[in-house]
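Have a look at the structure below before the remarks.
Computed from a predicted structure; not experimentally measured.
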Amino acid sequence: MKAQPKASHFIGGEYVEDTAGAVIEVLYPATGEVIARLHEATPALIERALAAGAQAQKAWGALRPVERARVLSRAAAIIREQGEELARLETLDTGKPIQETRVADWPSGADALEYFAGLAPTVTGETIPLGGDMVYTLREPLGLCVGIGAWNYPSQIACWKSAPALAMGNAMVFKPSETTPLGALRLAEIFIEAGLPPGLFNVVQGRGAVGAALISDPRVAKVSLTGSVPTGQKVYAKAAEGLRHVTMELGGKSPLIIFDDASLEDAVGAAMLANFYSAGQVCSNGTRVFVQKGIRERFLARLSERAQAIRLGDPMDEATQMGPLVSAAQLEKVMGYVTRATAEGALLVTGGGRGPANGGWFVEPTVFADVTDGMELAREEVFGPVMAVLDFDSEDEVIARANATDFGLAAGVFTRDIARAHRVIGQLEAGTCWINAYNLTPVEAPFGGVKLSGVGRENGHAAIGHYSQIKSVYLGLNPVDAPY
Ligand code: NAD
């Protein structure tokens, strides 16, 4: 299988190559075979991308918002027309099953383009009366933005960042994860086909050093990162040197709390979605599943039954429900957590092994019970299909334990008692929460974390504020009162 793009980078409206950059091999996670060979961006290409973005932004930012919206809407339509081809490319890049990439990845990106296309022309300022004089405000673009992506939702991330950025009149230089570099290049092509002027969405490939070079440039007004907490800390610190705006979408170890009055079938289904979708490589996953003691046995029995029925295998097969992990490194990391969880005394309920032996980086859907708060499995982000089930007795106890983490991305509660649901959610330290649902992230809802899980929000009206800045204009209508 091959997925070689025309060239490694997309700058100023065209594919660009510079073979002087270090090689990036793109591997298909289901087999380990090389499907594309790219090069990292050299300093000359980084400069070219930043210059193209800075130059193109001026005219774009001056357009009427409806004109920008028209381009974004067209891009969304093209994504939907090419849905099948894009889903296959995403599956090759990430190893995620085609049944997921058809409905989740690019479609969610198209939603973002449609949503921000619709929202941009509605953004207005304020008029503030001052008894004669007045102030009015304008929401202006920030300028040139840098987007840096993770490998778990590469195309969705590229769309979630570029859609509000472009809608509000900014330009973007996007660096995908070196593990999944393909989707963003297709997005750049689609934008040009949709009528986006060249230079407004540029893609440069590379590892961390390329990202670091981008965010150090004085022309850059904002950095939006999706990645791990340690990377977020580095990127935030670097951005602070130039007092750049930031959005940080980072990791989590989110609690999913299941009270004994919950619908068991729904709670089991949600816990599986919260741990096994995309082979567990989802930042908002509810990886600490707190189950009230009274339903522990029934919950584990049904969970084990349903987890064992998950179809693991060829991601291109429509019947496959779970694919491999994204890389050999991720496989090694996840299997390390599995081995140490057993050694620490957690009870392996199901899974724990490698999947079909065809060379891919598969891990079986895995459930550990009897996990306690101090165990590594309850504290660290695994980013694989490994669920930790913890027992609890009371509401107050579980709230305190759920909050006893430095992360704060997401949280969920399952109960039929609606007053309790709101009471508990109200006390959980998390930016994105669900009641009797999990991991649904419609573009209409702001998404992001608190504590070490992030700064700022993607999606929803909130994202408008993160890709624009307010100019206040004092309008003097009276004689100037100078005491000189
Ligand atoms: P990562 O932190 O290793 O890399 C993220 C991106 O940052 C990559 O493109 C990488 O090349 C780049 N990078 C690395 N060092 C850099 C530096 N010094 N300067 C600039 N850029 C640098 O993360 P990953 O392994 O690609 O993704 C997994 C992580 O992402 C998990 O922790 C997961 O929770 C998180 N994530 C969060 C969200 C969210 O929305 N909150 C979504 C998806 C993934």
Side-chain angles (χ1 to χ4, degrees), residues 1-29 32-57 89 92-94 144-151 154-155 157-158 161-162 171-192 196-228 231 234-235 238-239 241-242 244 326-329:
M1 263 184 273
K2 285 279 168 265
Q4 184 68 36
K6 286 186 199 127
S8 302
H9 320 281
F10 198 99
I11 300 172
E14 58 188 16
Y15 273 103
V16 178
E17 192 59 271
D18 184 349
T19 52
V23 169
I24 296 174
E25 284 192 330
V26 189
L27 309 178
Y28 181 38
E33 77 187 280
V34 179
I35 54 168
R37 253 189 201 90
L38 306 181
H39 293 272
E40 286 199 73
T42 53
L45 284 191
I46 293 171
E47 168 54 32
R48 200 163 141 185
L50 292 167
Q55 203 271 329
Q57 189 271 326
L89 181 67
L92 287 174
D93 215 6
T94 61
L144 177 59
C145 302
V146 166
I148 301 178
W151 44 253
S155 300
I157 290 170
K161 295 190 190 308
S162 59
M172 178 164 271
V173 176
F174 186 80
K175 189 199 83 63
S177 164
E178 58 273 30
T179 311
T180 53
L182 301 178
L185 291 170
R186 284 290 291 124
L187 179 62
E189 276 186 68
I190 288 167
F191 274 136
I192 293 295
L196 187 74
L200 287 165
F201 182 73
N202 307 285
V203 177
V204 294
Q205 309 291 354
R207 301 180 173 85
V210 171
L214 287 172
I215 58 186
S216 312
D217 191 275
R219 285 165 291 191
V220 171
K222 180 193 170 103
V223 183
S224 176
L225 169 79
T226 298
S228 59
T231 303
K234 281 187 225 156
V235 170
K238 203 44 96 227
E241 287 171 17
R244 298 186 176 89
V326 76
S327 64

Please give me the minimum heavy-atom distance between [X] and [Y], naming the atom from each residue.
X    : Y    : result
F201 : A184 : CE2-O, 3.8 Å
P29  : L92  : CD-O, 3.5 Å
L185 : A7   : CD1-O, 3.7 Å
L89  : A3   : CD1-CB, 4.0 Å
A54  : R219 : CB-CD, 4.2 Å

Quick one: are [X] and [Y] in side-chain contact, heavy atoms under 4.5 Å?
X    : Y    : value
P154 : T94  : yes
S155 : R186 : no
L182 : P5   : yes
V210 : I46  : yes
D93  : P181 : yes
I215 : I148 : yes

| said: Please enumerate all residues that pass salt bridge (charged side-chain N to carboxylate O under 4.0 Å, His left out) together with E33, with sequence neighbours excluded. | reply: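 Expected list: none.
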
Could you check whether any side-chain N or O of [X] sits under 3.5 Å from a backbone N or O of [Y], counting only pairs where one atom can act as donor and the other as acceptor?
X    : Y    : answer
K161 : V146 : no
E178 : I24  : no
T231 : G227 : no
K175 : G206 : yes
H9   : V204 : no
R244 : V220 : yes
N202 : V173 : no

| field | Atom pair OG1/CD of T179 and E25 - distance to nearest 0.5 Å | value | 12.5 Å

For residues 10-20, please give each side-chain donor-acceptor pair under 3.5 Å, one per line with the distance, not counting sequence neighbours.
{"from": "Y15", "atom 1": "OH", "to": "E189", "atom 2": "OE2", "distance (Å)": "2.5"}
{"from": "E17", "atom 1": "OE1", "to": "S8", "atom 2": "OG", "distance (Å)": "2.9"}
{"from": "E17", "atom 1": "OE2", "to": "S8", "atom 2": "N", "distance (Å)": "3.2"}
{"from": "E17", "atom 1": "OE2", "to": "S8", "atom 2": "OG", "distance (Å)": "3.0"}
{"from": "D18", "atom 1": "OD1", "to": "A20", "atom 2": "N", "distance (Å)": "3.0"}
{"from": "D18", "atom 1": "OD2", "to": "T42", "atom 2": "OG1", "distance (Å)": "2.9"}

| task | Would you sort out whether F191 and S162 count as a side chain to side chain contact (heavy atoms under 4.5 Å, CB included), showing the intermediate values? | result | CA-CA 10 Å; F191 274 136; S162 59; 3.6 Å; yes

| request: Kindly indicate, with the supporting measurements, whether the criterion side chain to side chain contact (heavy atoms under 4.5 Å, CB included) is fulfilled by L27 and S327. | output: CA-CA 8 Å; L27 309 178; S327 64; over 6 Å; no

| remark: Those residues at least two apart in sequence (or on a different chain) that pass side chain to side chain donor-acceptor pair (under 3.5 Å) with Q205 are none

| said: Run L144 and Q57 through side chain to side chain contact (heavy atoms under 4.5 Å, CB included) and show every step you take. | reply: CA-CA 7 Å; L144 177 59; Q57 189 271 326; 5.8 Å; no

| message | Checking V26 against V34 for the side chain to side chain contact (heavy atoms under 4.5 Å, CB included) test, could you report, in this order, the C-alpha distance in whole Å, the side-chain angles of both residues, the deciding distance, and whether it holds? | response | CA-CA 6 Å; V26 189; V34 179; over 6 Å; no

